[in-house]
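Nothing here was measured: the structure is a model prediction, and the numbers come from that model.
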Amino acid sequence: MSNLPLLTLVVFLPALGALLIAFLPRERHNWIRWAALGTSLVTWVVSLVLLVNFDPSQAGFQFVETAEWVPAFGIQYKLGVDGISIALVVLTTTLTAISILASFGPIKERVKEYMISFLMLEVGMVGVFLALDMFLFYIFWELVLIPMYLIIGIWGGANRIYATIKFVLYTLIGSLLMLVAILGMAYSYQVATGTWAGAFDYLTLRGFGFDPTLQFFAFAGFFLAFAIKVPMFPFHTWLPDAHVEAPTAGSVILAGVLLKLGGYGLLRFCVPLFPDAAVQWAPLIIVLSLIGIVYGAIVALVQPDLKKLVAYSSVSHMGFVTLGIFVFTEQGVQGAMMQMIAHGIITGALFLLVGVIYERTHDRTIAKMGGLAGVLPVYSAIFGFFVLASLGLPGLAGFVGEFLVIVGAFDFYPLVAAVAALAMMLGAAYLLWMYQRVVFGDLSDFLRGLGHHLTDMDRREVLTLAPLVAMAVAFGIFPGLLTELFQAPIEDLLAQIAPAVLAAGGR
Amino acid sequence: MDLGLPPTVPFLDWAWDDLLFLALAGVMLAAAIFVVIGRDIVRSGLAMMLAFAALAGIYAMAGAVVVAAAQVLIYIGAISILILFAIMLTQTKSGPADLVFHRQWWAGLLAAIGVALLMIISVINTQWPLRVAERLWSPTDEVAMLLFMDPLYVFALQVVAVLLTAAVIGGVFLAKREGLTDPGERETATFQQLRPTSNLERLPRPAGVDAAQADQA
Amino acid sequence: MPTDQLLVLSLMALPIGGFALTALIGRRLFTRAWLIAVPVMIVTWLIAMYLVYQTLFVGAFGVDGLHFTLYEWIPAGDFVVEANFAVDALTAVMLIVVTTVGMLVHVYSIGYMAHDPGRWRFFAYLNLFMFSMLLLVLADNFLLLFAAWELVGLSSYLLIGFWYNRRSAALAAKKAFIVNRVGDFGFALGIAAVWTTVGTLNFAGPEGAFELLPEALHEGLMEPWMMTGIALLLFMGAMGKSAQFPLHVWLPDAMEGPTPVSALIHAATMVNAGVYFVARANPIFSSAPTAMVIVAAVGIFTAIFAASIAFTQRDIKRVLAYSTLSQLGYMFAALGVGAFTAAIFHLVTHGFFKGLLFLGSGSVIHAVHEEQDMNRMGGLWRKIPVTHWTMLIGAIAIAGIPPLAGFWSKDEILGESFKNGFQWVWLIGVVVAVMTGLYMFRLMGKTFYGESHVDPHIEDKIHESGPAMTIPLIILAVPSLLIGLAIGFPPENGSIHHWLEHTFEHARENLGLHHAEYALFGIDGALAIVSIAAAAIGVGLGIYYFGFFRRRENRERVESMTERLEPLYVGSLNKWWFDDLNDLIFVRFGGAVARAMWWFDVRVVDGAVNGIGGLTQSTGRGIRQIQTGRVQNYALGIAAGLLVIAVTYMFMAR
Amino acid sequence: MIGVDQNTILALLPPAGMVVLAFLLVIVDLARPGRDRLITFVASAGFLLLMALTVVIGPLPNIGILTGPVEVFGGAYVRDTMTATLDLLFLAIGLLSVLFGPDYLRPRGLPAAEFAAMLCFALTGAMLLGGAHDVIILFLALELMVLPGYMLAGYAKRDGLSTEGAIKYFLLGSFSSAIFLFGLVLTFGFTGTTNISEIADVLRGGLEGAGLAPGFVMGLALLTTGAAFKIAAVPFHYWTPDAYQGSPTPVTGYLSVGPKVAAFALILRLFVEALGPVKEDWTPFIVFLAAATMTLGNLVALSQDNIKRMLAYSSIAHTGYILVGLAAYGASAVGSPAEQAGLQAVFFYSIAYAFMNLGAFAVVAALQRRPGVTSQISSFSGLGRRAPMLAALMLLFLLSLTGIPPLAGFWAKWYVIQSALQVGGWLTLLAVLTMINAAIAAFYYLRVAVYMYMRDAPESTPAVSIGRATRTGLGVAAVATVAIGLIPPVTIAVITLAEQAALALL
Amino acid sequence: MSQSLDAYLVLSALLFSIGTFGFLARRNAIAMLMSIELMLNAVNLAAIAFGAFTPQLQNHASLIALLVMAVAAAEATVGLAIVIAIYRNRRTPLVDEYASMRE
């Protein structure tokens, strides 16, 4: 097994699939669909092989693959995986396969382009998680943008163009400034060492210790890119628009993986590369996270549109991720990681569920819904399940992350934890209120008007959600499955930034 | 050649050269000004020839007799004539001032005065490091030797040759009248469309507020 | 794995298995949807009883009880939470109440839910609840308990909202969950605080939080205020779950659920979880005297507050709900004054008689065709005698007339408050005892006695419920009658006191309560007389006003009294406007805030984003104008540029 | 005497070959009038041959008969790596432009021969500019480059817009030439020489202690203005949108890259090589021009509805980006690595930009093969369905122009930013401004993509068909755009080329 | 005065400015072209002036002037060709009326 370039495989298999699809006749929708699903499943299997062979006890990167790329700048093709990234990779491959399956029904036009876009999206996403070279990372980072731009822009809703351009521009501004930061960092390395070799190598840079001024600004550059992606208040406004307009599978990936790119970036790059700056910036970030947590939840309360509600809930939930990372405690970071995985599963599922109802009603207005429980029992049950998971019911995945973050934050400063914990109440409020309005009560006139079109979920739809249910339960009851993966890298990370925290007067 | 003139201009105590210089300069500037402000463009053309002639005289005074000759031959003999022909081809004689001058001529005047002031101030305040007090002469033979012996000018001459050829080939193509009507549709057909219309795609207002309206754009 | 541990696990595994199975195939069992859930519950009850026997009577697990770990639930570096369980005396006592009432309610539901098409869901939820409740009492660490805490909340949510197409039920369910979440907010923070302070979340053992926290306080590692803070945060959770003022608002609304649910969850088991938890956490609370006072105050205030509302409610279940609040208030008052055993004792007795009362009321409601308004009842005692007699037992028990169950526990609470120096608690408690008798007999009178106000159409159809419902009533009547004597006699020296002696050792040490002999002919006797008198006065007043035989005089007395006490009456009738206050603060004001924030988000935050975009575009459109299309303008621009550059050059040149 | 030795022949062969090719095209046209395909074939074959010749001659990194810089004609022309690199680039530009020509010209009844010949003459000028080592040659080459350019702009002579663009271009161009020339003469008077190396030597020597004479400073100002005009830097860019919009589309493509790169060659030879010693004096202006140019270009491009005009403004913006590299050179300390990095950025950007921008214009031209197709952006509506391949290529070029990795345009920005960061200080802000501009630019580039993929074409829109030459050219441009970014050996080759070219200047 | 470099340069500057003014103010394309010719002549004058007072430049200046003349001729050719072409299209030599393309 060890001879196979597993990481390269898992990154570029989807690209291979996309290439294959490019040669399939355009009107053969089913061939294309199955080819895409097959590709994503093979990728998924490869990612599982990776997971099985992964040794969680090591902190360092495994399966590292290195090849020279542009030696003049020390740019390499370098992939590697540690406990943090492998979980996200598997999440990505899983959600991609599910999303592709979920697109079988809704996507009826330009299936070929759609599937190619989706597979290329997977390439970018997996690549971001695996890249160990700053340059390579940046390439994958931008690669994610284009397919998503097309997916929202072509297969999206009525106001899709506005949403997709906003999404791209917003993300691009962040990432371009990140590019400046990457280059500044590399150059600073070059000046200090006199060589370009290793100037883009994550592993080399990580232990390098840049000078404080550079750290401060480079951190700002990276942070902006990631904060927009997460998204943190006040950079979040692209998210509701993008979610509302994106097709269902797009929303799933957007919420499930794309937002994680931001969290991952903060954890992988912002903190370890610039520990001093991270400590310096932490108070601001914590405050913004808290605002995001509370604000997202409060705004979610009054959303009239299901997708917008879930989108704002993402703002709230992802606030826990940034909060957890920047309190610099083991529990906080563990919680942030757990929260990312859980949010990926749960919010992904919620978007799938919204998609199911949208496909039947072509509407997502909460006010027009009501009484689904009687007509769509299976749907209502699964919906309820994920609503509960999302509000952090213990025993399901969403709880562990949130609670760990609260514990970590409490360790940092109790008041912070108190504000964050407000989300427990608010989350219950907006989710249950929404659930009550959609599922309980008498069947609304609008829904009654749909008559026999209002059918319960079919087998394919259940199949898309079943793995997510299983994961939500499994990670709720056995969070150790994940925390063990994260443990070593997180300890490593915290040990690395400990001097900076100490220097800043922390514990 | 001794005309028995006094060494300097009487009363003014100028060198005769200076007087000649002033005269030529005066003529040249006057002609040049007429070129740019004359209403009748044909006369402007003629004034230009005059200015060039005066300039040729100044060249000669500055010791560049070859250039002076070339000035007469090329500028007066070729370029000016060319321009006059072009005037004839395109011109409907003189017109009122607003046809001659752009409405913003005064701004142009200011700019020109500015340029003049700047240039004059800067050149006067400059100690040209290489200058000598005495005016030098450029003997024709030396110039000729230089032109045909110095590799630089040999090369330059070749480049100029190509340049002129290119100009001629292109000029002929452009100026050549073709009797045939254009087989293809002309882009002029779309003049109206070229005027900027304002159905620009602008960022609409927040989607939640007027999504439907924004989408119509 | 030892058998005992397997048995403990099966206590939880059986109900959750029953839940899963019923959820999956229950629908196909049609009217026999109970076929899985009820047997499962009976087996669970048997196992529980075996464990209770082993714990309390055999002492097989020693004084510390049985503790074991299943697996590491959340391993996150230093932060390790195990899935560990314990069966000790306190748990065993809880098991008695929980499984017995639970089992009986299951059986009762066979009859009660027989005609509801969603019965399979009902039984599935009931099993889910039993799982959660058992997990709650068996959990041996804070977080696992918290998980169970939330899961019972979930079951409660599902069961309250069981009739989902009723808007009021859906709203009540949501309200219950959210209000509980408010409590859990504090609870979660409390847990975080515990971990931050001592680095463990386990309850027991030498490395458990209950050892380490007081130790830390002793060794000066933490300030007293921190202990108080932790205690109060944890207490917030208890307030939510046990519906203490001001988080009491959800419980009356929760009566929207089917009546067996009210009996099981909202009277006998779940709402007691707060009491259980505070008792469980007695080492923490007893180390924080300030917190104790607050607990006592909240408890006793809730007791009188709820009782005052119970006077005027017309809905039979709501009266019982407020009564439950009031009794829970008693329990918290007991906890607050340090009478932990008394609190648990009252929890047990209350569990039985309140379960009985609720099931009885269900039977009544069933009989009058889902009518809950007591003004449309009356004179039912002949038509549904079993229900009547069992409920009467319950009413006397709750009123505190000896020798029924309620007397012993309530008397102990009042007595200990007095003796522990909380005379004010005692005083209010006595008043509440009067009120209890009064409102209970108001209920009995309006429901069973006097002339009938039942709708004539259904008058003839009223009949006693079937055996599935009456047998549980009869069974429950037995402990309501006797359990006080059985486990609480002699006073302060009954079996329950022996059982729990070790559990509350810590608390006694911390509070420094000396354990004086019970003085029947001393202060204790005097206090007992006072409480008997109070109960008697209450019952007497109830009979006086609402009578066994409803006569004109009764009504006139009531009317004249309400006229005299007009403000109090109106306040009580409107539940002291608490629901309106909540509506105002959370729904109206909160909604306005949320809408304002949304506006802010769309207009200001997003507006800034779009504004920057728009500004960029309009700047571009503005600059665009300089491209006039006229060469002279361009040339002028170039010349101007040249001038600017030249002048700048002049100034900048060396 | 003039020694016509082997070196002279070798050094001058590529531009001379270009002239020969131009004449050959005219002769072929005279012999066989109207054979457009033949002309295109001859021209492309000639370009390819000359490219091969250039590679053989060198001096390129590790290749070429020449191994180092060669000065001929008494130092008037130099063939160093910069010359060779630019020759190759100009030849590639010529090849692509010639390939893109016929599809547009033939339906409009315009001959290919004169187009190709003019192109050859213009490129001769450009190539001479790349190697000019004497300001006289520099000026003559400049004129040789721009004069055919004016005529190409007015090539569709019966088209009002084309001639209008041409006359604007011509008038303003001549105006700026005069300004530039005056600057040259003042420099000439100040330094007493026309040779670029000698000017540098004089300036280096004459700067000891003494300040600069006002006359020379005025000369610098005039030169800056003239050069800024030629590269279309703001505020001397006015001619660009009109000339680009009016010109026949393949010509626009050429104009947007050929003269621009050539003008940068001029700046490199004149400002870097000759005026390098006084770089502290002119650098602030370059910084300002860079900032103003990219910002204004992008802002105005935002609201354009005509794609040629939009791309014109976009090319202005790109000028700004290239200027950042120059600014980095200027602002860095003499002999520091940033100096080289800045110049390298200029070269790399020029190369990448040439391919992607030509490609984008080629797609526009291909669409306009059917006369009547306007250059409104709306004519791209539904292209994703109508011509998926063409749309995909357009998307590729647009993404590259945006600077999305791993395409060529990304590397170009990368280089520019990197060089600016190496200098630090104010240049860091310039780098940030560049990135912000890149984000603004994404908006209008993506707008085209919106039309292509997210809007439907009107019912009656005819099918798109493109000729073989265009197809070949598009293929070349696309392959170059991708390969420069993605395929390591190519990337490295281009980097090395840029590096060596930059070193040749220092 | 004729022995003074400054005098020639000032004269050149004046001529250049007059040309500039003409270019900026005139509407007629040919008049603008003539203005450019004036400017080029000013350049030539400056070159000759430098040649007359700088030994190193003495003869070079003349040659530069000659080359500039050639360039001017080529420019005039091209310019006039374009003018004629546009005149055919627009029937006016007034440049500021050619404003179909703007903004």
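Interface check for chain C: of the options D:Ile179, D:Val300, D:Asn298, the most heavy-atom pairs under 4.5 Å are formed by D:Val300. With chain C as the partner, the residue from D:Phe236, D:Phe285, D:Phe175 showing the most heavy-atom pairs under 4.5 Å is D:Phe285.
Checked against a 6.0 Å centroid threshold, the rings of C:Trp195 and C:Phe142 do not count as neighbours.
The distance from atom CG of C:Leu143 to atom CH2 of C:Trp149, rounded to the nearest 0.5 Å, is 13.0 Å.
Residues C:Ile191 and C:Leu234 form a side-chain contact, since some pair of their non-hydrogen atoms from C-beta on lies under 4.5 Å apart.
For chain D, the nearby parts of C:Thr648 are the backbone and the side chain; heavy atoms of each come within less than 4.5 Å. Only the side chain of D:Phe229 comes within contact range of chain C, with at least one heavy atom under 4.5 Å from a heavy atom of that chain. Contacts of D:Phe216 with chain C are absent, with no heavy-atom separation under 4.5 Å from either backbone or side chain. With a 4.5 Å cut-off on non-hydrogen atoms, D:Leu220 touches chain C through its backbone and its side chain both.
Partner of D:Leu223 under the side chain to side chain contact (heavy atoms under 4.5 Å, CB included) criterion, out of D:Leu186, D:Leu181, D:Thr187, D:Leu266: D:Thr187 alone.
Inspection of the C:Asn180 and C:Tyr157 side chains reveals no N or O donor paired with an N or O acceptor under 3.5 Å.
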